[in-house]
Amino acid sequence: MTEIEDEYDPDSIEQKWREQWQEMGVYQYRDDEERPDYVIDTPPPYPTGNFHIGNALGWCYMDFAARYHRLRGDDVLFPQGWDCHGLPTEVKVEENHDIHRTDVPREEFRELCIEHTESQIDAMYETMLDLGFSQDWTHEFRTMDPEYWGETQRSFVRMADDGYVYRDDHPVNWCPRCETAIADAEVETDDRTGTLYYLTFSGDSEDQRSSNSRTQSGDSDGIEIATTRPELLAACVGIAVNPDDERYADRIGETFEVPLFGQEVELFADEEVDSTFGTGAVMVCTFGDKQDVTWWAEHDLDLRPVITESGHLTERAGEFEGLGVSEAKEEIAQALAAADVLNDRESTEQSVGICWRCDTPIEILSKDQWFVRVDQAEILETAQEIEWVPEHMYARLEEWAEGMDWDWVISRQRVFATPIPAWFCEDCGHVHTADESALPIDPTETDPDHSCPECGSTNWEGETDVMDTWMDSSITPLYVTDWPESSFESVQLREQGHDIIRTWAFYTILRTTALEDERPWDRALINGMVFGEDGNKMSKSKGNFVEPKEVISEYSADAFRQAIALGGQPGTDIQFQWKEVTSASRFLTKVWNITKFASNHFDADTPSIQDPAYRDADKWILIRCSDVADQVEAHMDAYRFDAALRELREFIWHDLADDYLELLKGRLYEGRPGERDAARHALYTVLSASLRMLSPFAPFLTEEAYQTLPDGTESVHTEMWPSLQTFNADAAQRGRLIVNVASAIRGWKSDTGMALNAELDRIELYVDRDEEQPAIDTYDLSSAVNAPVYIESGRPNVELVPVGIDPDHSVIGPQFRDQAGAVVSALEAADPAELTAQIETNGEISVDVDGDSVALDPDAVDILDEQRAASGEEVDVIELDAATILIYS
RNA sequence: GGGUCCGUGGUCUAGUGGUUUAUGACGCGUCCCUUACAAGGACGAGAUCGGUGGUUCGACUCCGCCCGGACCCA
């Protein structure tokens, strides 16, 4: 129990606890056999040095879940990793040191990358602590550390042994700028306007059919094709048309000569050809796009690669050798025009595959690469075992998986990544993958400790290709659970954005299925994106960019976290709103003031008060708090953080502060010791419970507040979820009545311009209650409204004039079905006074509907009364559901 | 072109197993310094729940179509 500050100062308090929690180790995973595990497969972010608001959304969700599960008594492992490998770091290092990666030895270059990565991690780590995230930093991992990439290699070796990993010469997506293969998932499409060139391939003279050949652009025997990529003419190996295209029906099998380059190509039919595009005849190259690869394989065409790894034309392009793709496009077009075979050019909308890292248009090259076999059925079967939150996110994964037509190419021609643990025998060509016992190993530095099993040679050449970084990050659930020492069981939660379902989620499911035949996680919680206040993607140029740090320094991390939680339900995109931060900040102040008020009335013995003589108001707030705990628990279990926090705010602000505290003041300030004690104990119980329930959302404020309570433990974050004593329902109803009456009188005073503590002569409460039940407790009420309160039974001494009715559709609708409308009309047309009289004399209502007399139960209608004071009385009347209040002032 | 999600007061958001005075926040207006809090309290104005058909006794909620937006894919 500490002295409480007058004002809540988030800057100093958040800083203080940030450090203290680390020293106390409150977030450490205990590896306790007695408690259920709650393990989070935390995303290892790429160390960009900037932990942005989009990251923060996902981490807030994880932190809410982690903190909630600690309160529930789970042994929570919330680790943090870093996905270090990758091209951007290589590029940054090259820039910073003004070198090219080939200027220095591989090992030295790797060291520079590691050094750079570490500084980036530090910056992001600081923001994570600022935001109050509760990772267990003793479980931090970095994919660039040998103990991690050694496991990546182990997974590779095991998958190679099981036939999942193989090496093949197969067309792959290739980024000519990064000069590496990339996977389908790393290719994005960009819609742009390109040029469509119409050009004529001349016919082969031997195949001339002079009489019936149609005229195509002045060349009687040629064929006109349309292409956006004339630079690939040298790679042309065929021409395709749709089999139903009558223009070409009789020409299938004819051969043509490719202009400028002279190779002969044959016209074939394939249903995939869109006959409405261009001339309906399309040239097939090795390779212009994925469709070309399909045709090339299906129609057994030649391979004429013409693009180099750096995106230049090869010697096959003759005089155009060495030109870059875009230069070649223009120069070849000019040459075609000069040769009089370029008939036309027009602009066209096209979708271009681009590298997701650098936006460079990709090429498709055929190279020896390492692949991971993609078994769609197996992956989807596993994915279906996972609970997707929200559910529809599964559809994204399914659609992606079903659309995959190539295996996953995992080799990259880069440096800063996990080495592929393989060697080639220089004498016989045997490919050897490492033994597990040798891992981690860099094959460019170390050879196998044995000779070639095929030929006995010791001339090994280490593989210089490295792995796709998704090979690293797709084993995170395995790594954080100490695979392979511990047998793998699915972890409890994966949290990630929907933008990386096709990558991180997909690959992780693939890998744990392949390696352990197990789903990686029980549940996948998918977050949306964060937009700026104007509803657009945040971008510095649009001026709608907000950084977590900015919000923290202007308000607080606790306010930021709440704004994120309330931005929308998990899975939807969140629009960042400063006003949510403002209102969250006010709520923090409110909670602080409640705590400040309460702690003035607590002493060291408050928590241990025995058998407190609770009054109805106490029982009401305790029951209410217990209900709230149940509801918040249900929301948290369903990962509805928005609903959980809303529920808590309503309760703390309105029930606890506005209603309960106001009712309590009389007893706290002027009550006798026993009366005071009950009030203090109930208040203590409810406040303590509230702070604990709120702690996942506002960890700093709740910690500071919790420390001011008597009997506090080391931290609110090591406490348990509240479990409160309950009382019978009637006590709750009596309490609620008091609350409602007090609130109504407060409103009435305000309406009549009175001070809220104005004294009143007398309050009479007419309550319809069973004589057997305990009487209404007016003690707190009386002091709260500052008037003597009398409970009366029977009819108040006022005239009740029926003025209207309120038909209950939920009763009338199902009962009368298609007559319901007529019944309601009849009721509304009737005189309310007459209906009241019927109820009093007959116990039922009878109305005339289409000439028939219809009987209704009194439940079907509410009679609305208006009170009119008996003449001469100075009285105001307030009608509540459960009571009528007469105010004498 | 395919898939998914979404369209609720000025703004953002909740909601319904079908019948509600449709939630809350911010903003706006009026009143109030009442011994935790004016960074507060009381109250009020402001929404025909994107449009249109249908199913139904009844649709903001279910179904169809249309319009608009977002994301993923081709």
Side-chain angles (χ1 to χ4, degrees), chain A residues 4 6-8 184-185 187-189 191 274 289-291 351 353 390-400 402-405 497-502 526 528-529 531 533-537 555 562-563 566-569 571-601 640 642-643 645-647 649-650 653-654 657-658 661-662 664-665 668-670 743-758 784 786 806-824:
Chain A
I4 188 158
D6 231 29
E7 304 250 317
Y8 182 67
D184 285 349
V187 178
E188 291 186 342
T189 49
D191 292 329
D274 175 5
D289 57 21
K290 273 190 161 185
Q291 183 62 62
S351 259
E391 216 173 335
H392 67 256
M393 291 298 179
Y394 167 76
R396 296 235 177 163
L397 182 105
E398 187 180 71
E399 208 212 348
W400 173 254
E402 286 176 347
M404 293 236 11
D405 44 7
H498 63 58
D499 54 335
I500 49 173
I501 287 177
R502 65 187 173 139
I526 308 296
M529 302 293 111
F531 296 119
E533 280 202 296
D534 57 0
N536 295 310
K537 262 185 185 164
Y555 291 90
Q562 290 183 64
L566 290 172
Q569 48 183 287
T572 59
D573 293 333
I574 304 292
Q575 210 163 319
F576 177 80
Q577 299 282 324
W578 278 105
K579 66 186 183 60
E580 290 291 357
V581 181
T582 312
S583 78
S585 189
R586 287 183 190 163
F587 177 61
L588 295 173
T589 306
K590 190 76 184 179
V591 174
W592 186 251
N593 284 317
I594 294 167
T595 308
K596 193 168 71 175
F597 169 80
S599 40
N600 284 334
H601 297 281
R640 282 299 304 270
D642 60 320
L645 180 55
R646 212 178 300 121
E647 184 86 36
R649 272 202 196 179
E650 288 283 303
W653 203 310
H654 298 115
D658 289 348
L661 247 46
E662 292 306 325
L664 220 53
K665 281 179 179 168
L668 285 174
Y669 285 117
E670 287 145 30
S743 167
I745 294 174
R746 220 182 308 142
W748 177 83
K749 282 184 176 176
S750 178
D751 286 345
T752 53
M754 277 182 202
L756 292 183
N757 59 355
N786 198 12
D806 182 18
D808 187 342
H809 296 272
S810 64
V811 173
I812 297 171
Q815 191 183 341
F816 294 98
R817 310 302 300 174
D818 55 351
Q819 267 194 301
V823 171
V824 170

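Chain letters run A, B, ... following the sequence lines, proteins first, then strands; residues in each count from 1.
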Check the interface with nucleotides 72-74 of chain B: list each N/O to N/O pair with the protein under 3.5 Å, or write none.
{"from": "B/C73", "atom 1": "OP1", "to": "A/R502", "atom 2": "NE", "distance (Å)": "2.7"}
{"from": "B/C73", "atom 1": "OP1", "to": "A/R502", "atom 2": "NH1", "distance (Å)": "2.1"}
{"from": "B/C73", "atom 1": "OP1", "to": "A/R502", "atom 2": "NH2", "distance (Å)": "3.2"}

If every non-hydrogen atom of A/D642 is compared with every non-hydrogen atom of A/G568, which pair is closest and at what distance?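 Taking A/D642 first and A/G568 second, the nearest heavy atoms are CB-O, 3.9 Å.
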
For A/L645 versus A/L566, what's the shortest heavy-atom pair and its separation?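 Smallest heavy-atom distance, with atoms named: CD2-CG, 3.8 Å.
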
When you measure from the side chain of A/R746, which nucleotide among B/A42, B/G40, B/G24 comes out closest?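 So the side chain of A/R746 is nearest to B/A42.
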
Nearest to the side chain of A/T589, which nucleotide is it out of B/A39, B/G40, B/U4?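 So the nucleotide nearest the side chain must be B/A39.
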
Counting any heavy atom closer than 4.0 Å, what does [X] reach on the DNA or RNA strands: base, sugar-phosphate only, or nothing?
| X | result |
| --- | --- |
| A/T582 | nothing |
| A/K596 | sugar-phosphate |
| A/L588 | nothing |
| A/A758 | nothing |
| A/W748 | nothing |

Residue list, side chain to side chain contact (heavy atoms under 4.5 Å, CB included) with [X], at least two apart or on another chain:
| X | result |
| --- | --- |
| A/E188 | A/I354, A/W356, A/R502 |
| A/H654 | A/E650, A/D658 |
| A/K579 | A/Q577 |
| A/D289 | A/Q291, A/D292 |

Short N/O separations, protein against nucleotides 7-13 of chain B, under 3.5 angstrom:
{"from": "B/C12", "atom 1": "O2", "to": "A/K579", "atom 2": "NZ", "distance (Å)": "3.4"}

Would you please name every residue forming a ring-ring contact (aromatic ring centres under 6.0 Å, His included) with A/H498, sequence neighbours left out?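 Per chain and number, A/H498 pairs via ring-ring contact (aromatic ring centres under 6.0 Å, His included) with no residue.
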
Taking atom [atom1] in both [N] and [M], compute the distance separating them and give it to the nearest angstrom.
| N | M | atom1 | result |
| --- | --- | --- | --- |
| B/U30 | B/C62 | C1' | 43 Å |
| B/C5 | B/C43 | P | 41 Å |
| B/U8 | B/G51 | P | 10 Å |
| B/C49 | B/G15 | C1' | 11 Å |
| B/A14 | B/U56 | C1' | 27 Å |
| B/U23 | B/G1 | C1' | 40 Å |
| B/U48 | B/U21 | C1' | 15 Å |

Kindly write out the residues that satisfy side chain to side chain donor-acceptor pair (under 3.5 Å) with A/Y8, not counting sequence neighbours, or none if the list is empty.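 Partners of A/Y8 under the side chain to side chain donor-acceptor pair (under 3.5 Å) test: none.
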
Results of side chain to side chain donor-acceptor pair (under 3.5 Å) for A/N600 - residues two or more places apart only: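 Once residues adjacent in sequence are excluded, A/N600 has no partner under the side chain to side chain donor-acceptor pair (under 3.5 Å) criterion.
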
Could you write out RNA chain B as dot-bracket? Rules: Watson-Crick or G-U wobble, both distances under 3.5 Å, brackets [ ] for crossings, | for pairs with another strand, dot for unpaired. (((((((..(((...........))).(((((.......))))).....(((((.......)))))))))))).

Check A/K665 with A/E662, please: is the shortest side-chain N to carboxylate O separation under 4.0 Å?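 So A/E662 pairs with A/K665 through a salt bridge.
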
Residue whose nearest RNA chain B nucleotide is more 5′ - A/H654 or A/D658: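 So the residue in question is A/H654.
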
List the atom pairs, donor and acceptor, that lie under 3.5 Å between side-chain atoms in residues 582-593 of chain A and the rest of the protein, sequence neighbours left out.
{"from": "A/T582", "atom 1": "OG1", "to": "A/W578", "atom 2": "O", "distance (Å)": "3.0"}
{"from": "A/S583", "atom 1": "OG", "to": "A/E580", "atom 2": "O", "distance (Å)": "3.4"}
{"from": "A/T589", "atom 1": "OG1", "to": "A/S585", "atom 2": "O", "distance (Å)": "3.1"}
{"from": "A/W592", "atom 1": "NE1", "to": "A/E5", "atom 2": "O", "distance (Å)": "3.1"}
{"from": "A/N593", "atom 1": "OD1", "to": "A/K596", "atom 2": "NZ", "distance (Å)": "3.3"}
{"from": "A/N593", "atom 1": "ND2", "to": "A/T589", "atom 2": "O", "distance (Å)": "3.1"}

Any heavy-atom pair between the side chains of [Y] and [X] that's under 4.5 Å?
| X | Y | result |
| --- | --- | --- |
| A/F597 | A/L664 | no |
| A/M393 | A/L397 | no |
| A/D184 | A/K290 | yes |

Interatomic distance where CD belongs to A/E402 and C1' belongs to B/U4 [whole Å]: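 From A/E402 CD to B/U4 C1': 14 Å.
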
Please report, rounded to the nearest Å, how far the C1' atom of B/C37 is from the CG atom of A/N600.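 Atom-to-atom, A/N600 to B/C37, this comes out as 12 Å.
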
Expected rows: protein N/O vs nucleotides 31-35 of chain B N/O, under 3.5 Å:
none

At under 4.0 Å, does any side-chain N or O of A/R640 touch on OP1 or OP2 of B/G15?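 Checking B/G15 against A/R640, a side-chain N or O does come within under 4.0 Å of OP1 or OP2.
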
